[in-house]
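Letters go in sequence order (proteins before strands), and every chain restarts at 1. What you are looking at is a predicted structure, and each value in this text was computed from that prediction instead of being measured. In what follows, every heavy atom counts, from backbone to side chain, and hydrogens, waters and symmetry copies are set aside.
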Amino acid sequence: MEQVTTENLEPTADAGSAQAGRERKLPTGSDRVYRNTLWTVLTLVGVIVFYFIFVLVKNSLPGWQYAGWKMFTTGTWSFGDNNFSVWPLVLGTVLTTFFALLMAVPVGVGAALAIVYLIPRRLRLAVSSLIELLAVVPSIVYGVWGALVMAGWLGNKGEPWLKSVAHGAWPFNGATSGYGMTLGSIVLAVMIMPIVTAISRDVIVAVPKELTEGALSLGATRGQVIRKVILPSCKTGIVGAVTLATGRALGETIALATVLGGVTQMSPWPDRAFSTGSTLAAEIAIDFGAITGKAGNVLFALSLILMLIVGVVTYFARSIIRRNERQFR
Amino acid sequence: MSTVDVGTHDRREFIRTTSAKSYRRRALSSRIFMSLLVLALLIAFVPLASILQNVVGHGIHYLTWGFLTTSQQLPSITNTNGIGGIGNALAGTAVVDLIAIVISIPTAILLAISMFELQGRWVVAVRTAMETFIGLPSIVFGVFTYVSLVLTTHQYHAYFGSLALTFIMVPVMTVNALAALQSVPDTLIEAGLSLGLRPSRVMLHIILPAARARVFTGIFLAFSRAVGETAPILFVIGASTLPNFNPGAQATSLPTLMWSYLTGAYPSQREACWGIALVLMVAVLFFNVLSRVFVARTQQS
Amino acid sequence: MKKAFRMPIVAVAASVAMVAVGVTPAFAKVPSESSVLANALVVKSTPTSALNMGGSSFDANLVNAAYNQWKTYSPNNGASLNTYASSSSGTGRSAVISGADAIGFSDVPLNYAGQDTSTLSNWVQTPVALGGVAIINNISYKTYHQVVNSFGKAITSPVTSNGGSSGQSCAQLAKAYPVALDGKTLANIFAGSITSWNSSAVIADNPRLTVLVKVPVAKAIPAVGHKGHKGYKAGVPQKNRLEPISCMALTTTPAISVESRTAGSGTTFILRDYLSKVDSSEFPYPSSAAFSAASATFSGSSTLAPAVAQKDGAIGYVEYGYALLNHLATMRMKNAAGAYVSLNASTVATAAAAGLNAINNNNSACPNGFSLTKGTSGSYSASAIDTTCFSINNVNNLGAYPIAGFSYAIVPQNISDSKVGIVTTKFLLYLTQTSSSASQPYGQNFAGAEAYVALPKPIEAVAYATISHINNGQYISASN
């Protein structure tokens with residue numbers, strides 16, 4: 001969980017770009033002790049990074065062996081019974097993330113637009129800090145809030161209301177339980193919304209004034225200006241924000257582990273809005289107690305899958321954001 | 001719209017009336033759109049209000065000296081409310097986090113300096129790794145620490161948690177510190193070099209002091225995140241009901257205590273989660289606000 | 001044999017058997033209380049070692065209560081214990097095997113779970129707790145309102161004969177006669193073949209849960225002939241019939257929702273062991289795997305019980321203490337002797353006594369009496385799960401609750417660190433014995449209040465003998 005402002009997303013200069021290419025890069029032969037210390041540190045850290053990847057890969061290999069190709073066929077995930085099909089987990093991860101994004105992105109972008117265009121400038125910092133407060137809340141507190149407050153409300157009021165509105169049609173059919181995929185999606189949405197808001201706000205503020213003023217002078221209404229001028233020019237930045245939020249949602253562990261119902265046996269997969277389920281990350285946390293058995297290596301394989309998915313998504317997010325920032329320099 | 005052959009006056013009249021009509025329609029849709037934006041903002045505040053109200057409302061009466069200093073007790077059926085306090089968890093959190101910070105700050109700063117001064121593919125690789133690590137799920141670092149330390153030594157120690165937390169903290173601190181160093185104006189640096197100072201002196205006496213505020217931002221940002229992290233330390237520090245300041249012993253920290261209380265058998269344990277949440281949020285907010293103070297200082301200068 | 005004689009004869013036989021068991025030389029004698037007291041209560045050396053324990057949720061309440069008391073006997077006792085991490089039996093075993101915990105608590109003896117990383121001779125397993133597994137349920141009944149006209153035409157649904165609503169009297173009946181199940185029915189529920197509370201098997205097990213319901217008739221008996229003519233007989237309005245309906249057919253949520261523990265749970269092992277004895281076709285052997293018919297699985301009894309409490313129509317299984325904590329109704333079970341018994345301290349105690357008696361009489365399979373291992377040495381694989389010599393499930397005794405079991409503490413046979421060894425041995429000794437003095441209770445004195453049953457005296461002797469094996473008794477007599 002990170003405090004998201006552009007501070008920690010500042011694109012760092014590539015070696016060879018104008019900033020780094022200036023003359024002050026260490027000329028060879030000067031201050032040898034300094035230079036060697038720095039290379040030592042850099043090498044050490046690099047070695048640790050490689051060791052990190054190596055350990056995870058090496059310990060997941062017995063897991064791949066143990067679970068076999070059945071891991072990637074459809075089936076049941078049931079850790080204690082040695083059923084290791086990952087599809088229920090992958091589906092759970094994808095579904096919770098998808099619905100969380102569906103809820104969080106419109107609200108986040110809308111809130112960012114409201115902050116920039118509707119809130120007086122003096123109050124802008126205060127209001128956006130309040131929303132970013134949500135990003136500071138630790139995951140375990142989200143877990144407590146979700147389990148002790150939202151689960152009861154959803155089970156008693158929210159889900160029955162949804163069910164009655166949909167007249168019991170799929171996916172709002174079956175038993176309501178409070179805990180489950182719906183609650184997981186909602187908690188995830190609340191967690192990623194501040195990320196979307198913060199980055200969108202920065203991107204919207206950076207739109208050149210000329211574009212806005214030009215459109216207004218042509219007689220466009222504020223709504224039209226936002227929809228047809230601002231949003232299209234912020235597209236890349238918002239896509240970057242969404243990708244970052246996706247990376248965050250895919251990897252969320254603790255809050256989902258407490259809120260999805262602690263199910264470690266999913267057969268075959270979450271098929272209703274109210275069903276319980278699990279995600280890759282939450283499953284690792286829940287099954288961790290069994291990690292010394294042979295089946296424990298399967299959890300390392302899961303970590304590897306999770307790491308790959310999130311790493312790829314985050315990498316793309318950062319390159320998009322970097323590209324977007326450069327656009328406005 | 002067919003052309004109408006009318007005089008100038010009628011043409012202006014025509015343009016005025018048709019554009020007025022469309023303007024009304026567009027103004028209405030604009031108004032609807034703007035109120036949707038307001039709605040979005042209000043929706044964004046609802047969960048915040050709910051969380052704050054619950055944490056403060058339920059947790060405030062746990063903020064007593066007794067609760068904060070007494071150690072955790074074990075309830076049983078004849079003693080369902082005997083949960084004691086969180087003294088041991090506070091001690092454990094302090095130990096784990098302080099050691100993590102002591103390891104992380106020098107590492108991060110040195111790493112940032114080396115990425116700033118040196119060049120080559122290795123630098124790019126490590127920098128990419130740091131940026132990627134920021135986004136990785138923290139459970140992965142917990143798994144790594146567990147595999148490399150707990151499984152090999154068959155023991156739990158508080159400092160294992162510190163090591164896991166450095167994986168969380170160092171990337172954030174490094175990326176911020178690097179940006180800080182790069183934001184120092186070239187003129188300052190060249191002035192220093194032209195005075196004949198060695199690069200290490202330039203770094204130490206010119207660049208670092210100039211970048212100081214921003215570096216602190218990163219440090220406090222990383223720390224506020226690490227204080228609230230549960231997944232990396234959950235399976236490596238063990239548990240302890242003793243208030244122990246020995247990093248070699250097992251420890252309980254505030255997030256791990258919340259995790260075990262949330263699934264506890266006794267309602268008194270589940271209720272106490274709010275009190276612990278309040279304490280944790282105060283700590284996290286404190287460091288987060290500190291980081292913003294330094295952001296403000298950066299923007300001033 | 002006349003029914004009236006059956007009970008006392010069984011009781012006399014049981015007591016004779018228990019006396020016989022007491023003098024069997026296979027069991028070591030428990031030393032006098034004063035020496036146990038001296039050894040177990042006080043840890044004198046400082047600094048002491050940290051003692052980490054964890055594992056089965058079955059033992060959590062007892063260990064907590066015992067530790068809280070043991071702590072007060074000596075300042076060093078307080079400094080030496082860390083915490084009891086209540087999770088599952090499987091976690092307890094792996095924690096002690098990996099060395100992370102000093103004592104692992106498990107309801108499944110080591111090596112009956114396919115632990116292939118250890119051999120039995122390296123470990124000491126002692127029984128520490130005895131309790132019953134409660135079958136918890138959450139069943140509510142519909143309430144009916146009456147409006148019935150004189151022709152028997154119902155405006156709404158049926159009503160009971162005493163004028164109240166049928167829902168109300170079903171709840172009252174269920175309080176007086178808790179829902180009862182046969183072992184086979186329970187097995188079918190957990191296997192998923194019985195899925196609703198109003199199935200005939202469940203109704204057959206609960207004959208007392210019947211209410212008389214006013215059922216409207218379809219129509220009145222028509223008049224014969226025409227009014228004013230000879231032979232006219234007026235139509236007779238049919239009175240509403242009173243029909244007995246089982247309360248199980250009047251449940252609010254008829255669907256049974258099975259809640260299971262996750263894999264590795266020892267409570268599951270005890271339940272599955274019982275199910276394998278009553279329905280070996282659906283449950284061929286005991287294991288700690290979760291039930292596939294479950295709608296949700298939970299990692300601990302502490303989360304399963306509240307989940308059942310919140311879900312209408314749910315059925316689950318937890319150690320008795322958790323049912324009490326969550327104010328959950330427990331089911332009456334039909335035991336092997338044919339009687340329906342509720343879960344309480346005396347029925348579990350009877351089960352233990354009769355079960356031990358049966359084990360001791362089984363000379364062919366259990367030459368050493370109560371034993372966690374068959375044979376004398378070696379390691380066992382998961383397929384060789386044979387619970388004959390320690391299982392007290394499905395005991396054939398009129399007063400016995402059929403689902404009960406022991407829980408065990410597992411420690412390494414050789415504890416090299418003497419500080420850890422002293423603290424471990426002394427606490428285990430304290431935990432497994434009963435004292436006759438109320439002012440200085442031992443661990444098992446808390447059993448009753450914590451919803452367990454104190455270990456029977458022969459088992460306490462087994463525990464003492466087993467604990468003496470730790471480092472060949474070096475720590476038991478250590479005066480540190």
Worksheet entry | Closest contact, heavy atoms only, B/Trp122 versus A/Thr43 | NE1-CA, 3.7 Å
Worksheet, complete the sentence: Bottom line for B/Ala129: the part with an atom under 4.5 Å from chain A's heavy atoms is side chain
Worksheet item: Between A/Leu304, A/Thr253, A/Val313, which shows the greatest number of heavy-atom pairs under 4.5 Å with chain B?
Response: A/Thr253
Worksheet, complete the sentence: Comparing B/Ile43, B/Leu111, B/Leu285, B/Val123 against chain A, the one with the most heavy-atom pairs below 4.5 Å turns out to be B/Leu111
Worksheet, complete the sentence: If you tally heavy-atom pairs under 4.5 Å between each of B/Leu36, B/Asn54, B/Thr132 and chain A, the highest tally belongs to B/Asn54
Worksheet item: Taking every heavy-atom pair that is under 4.5 Å apart, which of A/Ile226, A/Leu44, A/Ile115 has the most such pairs with chain B?
Response: A/Ile226
Discussion item. At a heavy-atom distance under 4.5 Å, which candidate from A/Val41, A/Val144, A/Val127 has the highest pair count against chain B?
Written reply: A/Val144
Worksheet entry | Part of B/Val46 within contact of chain A (heavy atom distance under 4.5 Å) | neither
Practice prompt. Kindly give the heavy-atom pair with the smallest separation between A/Ile140 and B/Gly228, and that separation in Å.
Written response: CG2-O, 4.4 Å
Fill in: A/Tyr51 to B/Ser148 - nearest heavy-atom pair and separation
OH-CB, 3.9 Å
Practice prompt. Among B/Leu52, B/Thr107, B/Val55, B/Val140, single out the residue with the greatest number of heavy-atom pairs under 4.5 Å to chain A.
Written response: B/Val140
Worksheet, complete the sentence: Max heavy-atom pairs within cutoff under 4.5 Å with chain A, candidates B/Ile32, B/Val126, B/Leu254, B/Leu262, goes to B/Leu262
Worksheet item: Checking heavy atoms, do the side chain of A/Val190, its backbone, both or neither come under 4.5 Å from chain B?
Response: side chain
Worksheet item: Under a 4.5 Å heavy-atom cutoff, which of B/Ile139, B/Thr128, B/Leu234, B/Leu280 has the most pairs with chain A?
Response: B/Ile139
Worksheet item: What part of B/Met34 gets closer than 4.5 Å to chain A, counting heavy atoms only: side chain, backbone, both or neither?
Response: both
Worksheet item: In Å and rounded to the nearest 0.5 Å, what is the CD1 to OG1 distance from A/Ile254 to B/Thr230?
Response: 5.0 Å
Worksheet, complete the sentence: One option among A/Leu56, A/Ile48, A/Val149, A/Asn59 has the most heavy-atom pairs under 4.5 Å with chain B, and it is A/Val149
Item to complete: Please report the shortest heavy-atom distance between B/Ala44 and A/Ile131, naming the atom on each side.
Response: CB-CD1, 3.9 Å
Worksheet item: What heavy-atom pair brings A/Tyr34 and B/Pro199 nearest, and what distance separates the two atoms?
Response: CE2-C, 3.9 Å
Item to complete: Examine whether an atom of B/Tyr261 lies under 4.5 Å from a heavy atom of chain A, and if so say whether it belongs to the side chain, the backbone or both; otherwise answer neither.
Response: neither
